[in-house]
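Fair warning: this is a prediction, and the values are worked out from it, not measured in the lab. All residue numbers in this chain count up from 1 along the given sequence.
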Amino acid sequence: MLRRWSAAVLTAICGVLIAAAKISDGAPGTAALLMAGFLVLGFVLSPLAFPRATAAAADDRPVVYWRPGCVFCLRLRARLGADADRLRWVDIWKDPAAAATVREITGGDETVPTVVIGGQGHVNPDPSWVRDQIVPA
């Protein structure tokens with residue numbers, strides 16, 4: 001559990017330390033701005049930025065295997081926007097079986113995002129391609 005939040009917590013701690021230094025330099029406005037920026041970055045790096053994982057159901061939605069802090073997963077999530085809710089997001093750091101599935105697809109490593117559509121795995125696919133697969137034409 002701690003590993004999933006480490007990047008977000010470290011970012012928030014850095015923000016607090018930098019803001020404290022700016023306050024001691026007499027720049028409270030800059031400190032507030034920097035702190036807000038670091039908190040937003042911490043949120044983006046946290047598991048909260050992704051749709052809640054659902055139980056492994058027998059539905060036909062595409063599955064996205066991801067992990068917190070992965071910039072490529074963040075890019076996919078951001079570019080999909082509201083369409084991201086049409087996918088099933090599975091955190092490989094939370095689900096060991098999901099991590100094993102990713103290792104099987106990628107040939108032994110845990111490269112994410114790995115998207116499974118129609119039983120076929122795609123490693124770090126282009127977000128526009130994923131959108132085309134999930135949105136009816």
Side-chain angles (χ1 to χ4, degrees):
M1 178 72 154
L2 181 61
R3 181 168 78 165
R4 298 178 65 230
W5 286 92
S6 60
V9 170
L10 183 60
T11 301
I13 290 171
C14 288
V16 168
L17 294 174
I18 292 171
K22 288 296 181 184
I23 288 173
S24 70
D25 288 345
T30 303
L33 185 62
L34 285 170
M35 188 64 208
F38 273 92
L39 289 177
V40 168
L41 182 59
F43 172 78
V44 168
L45 293 174
S46 78
L48 297 175
F50 292 85
R52 287 231 187 271
T54 56
D59 59 13
D60 59 351
R61 289 186 296 167
V63 179
V64 178
Y65 295 102
W66 69 283
R67 65 173 171 76
C70 169
V71 295
F72 301 106
C73 297
L74 291 170
R75 177 185 73 132
L76 178 63
R77 171 66 181 100
R79 297 253 326 261
L80 288 176
D83 290 333
D85 291 338
R86 300 185 64 198
L87 302 167
R88 189 161 47 100
W89 294 79
V90 180
D91 181 353
I92 66 168
W93 282 358
K94 192 175 183 181
D95 185 348
T101 300
V102 170
R103 285 191 300 272
E104 181 180 320
I105 292 169
T106 62
D109 57 9
E110 293 182 353
T111 304
V112 289
T114 297
V115 180
V116 177
I117 298 175
Q120 182 70 32
H122 306 275
V123 179
N124 196 15
D126 184 76
S128 60
W129 179 85
V130 175
R131 177 178 281 120
D132 291 342
Q133 302 304 308
I134 60 173
V135 177

From W66 CH2 over to L76 CG, what is the distance, rounded to the nearest 0.5 angstrom?
11.5 Å

Could you check whether any side-chain heavy atom of N124 comes within less than 4.5 Å of a side-chain heavy atom of P113, counting everything from C-beta outward?
yes

Just jot down the side-chain hydrogen bond (donor to acceptor under 3.5 Å, both in side chains) partners of T111, sequence neighbours excluded, or say none.
D109

Salt bridge (charged side-chain N to carboxylate O under 4.0 Å, His left out) with R103: which residues, sequence neighbours excluded?
E110

Mind checking who shares a hydrophobic cluster with F72, ILVMFWY linked at side-chain heavy-atom distances under 4.5 Å?
V71

side-chain hydrogen bond (donor to acceptor under 3.5 Å, both in side chains) involving D25 - partner list, sequence neighbours excluded:
none

Within residues 94-130 or reaching into it, pairs that qualify as ring-ring contact (aromatic ring centres under 6.0 Å, His included) - sequence neighbours excluded
H122-W129

Remaining members of hydrophobic cluster (4.5 Å side-chain criterion), F38
I18, L34

If you measure from CZ on R86 to CZ on R131, what distance do you get to the nearest 0.5 Å?
10.5 Å

Scanning both residues in full, the closest heavy-atom pair of V115 with P125 reads CG2-CG, 3.6 Å

Non-neighbouring partners of L33 that pass side-chain contact (heavy atoms from CB on, under 4.5 Å), sequence neighbours left out:
none

Under a single-linkage definition using a 4.5 Å side-chain heavy-atom cutoff for Ile, Leu, Val, Met, Phe, Trp and Tyr, are V16 and L41 assigned to the same hydrophobic cluster?
no

Scanning both residues in full, the closest heavy-atom pair of I92 with A99 reads O-CB, 3.7 Å

Taking all non-hydrogen atoms of both residues into account, name the closest pair between P62 and I134 and its distance.
CG-CG2, 3.6 Å

Using only atom types and a distance under 3.5 Å, with no angle test, would you say the side chain of R75 pairs donor to acceptor with the backbone of P127?
no

Report yes if some heavy atom in the side chain of L87 is under 4.5 Å from a heavy atom in the side chain of V130; otherwise report no.
yes

Measure from the side-chain N and O atoms of R67 to the backbone N and O of V112, and report whether any donor-acceptor pair falls under 3.5 Å.
no

Which residues pass the side-chain contact (heavy atoms from CB on, under 4.5 Å) test with I13, not counting sequence neighbours?
V9, L17

Going by the rule side-chain hydrogen bond (donor to acceptor under 3.5 Å, both in side chains), which residues pair with D126 if we only count those two or more places apart in sequence or in a different chain?
S128

Once side-chain hydrogen bond (donor to acceptor under 3.5 Å, both in side chains) is applied, do any residues pair with S24, and if so which ones, sequence neighbours excluded?
none

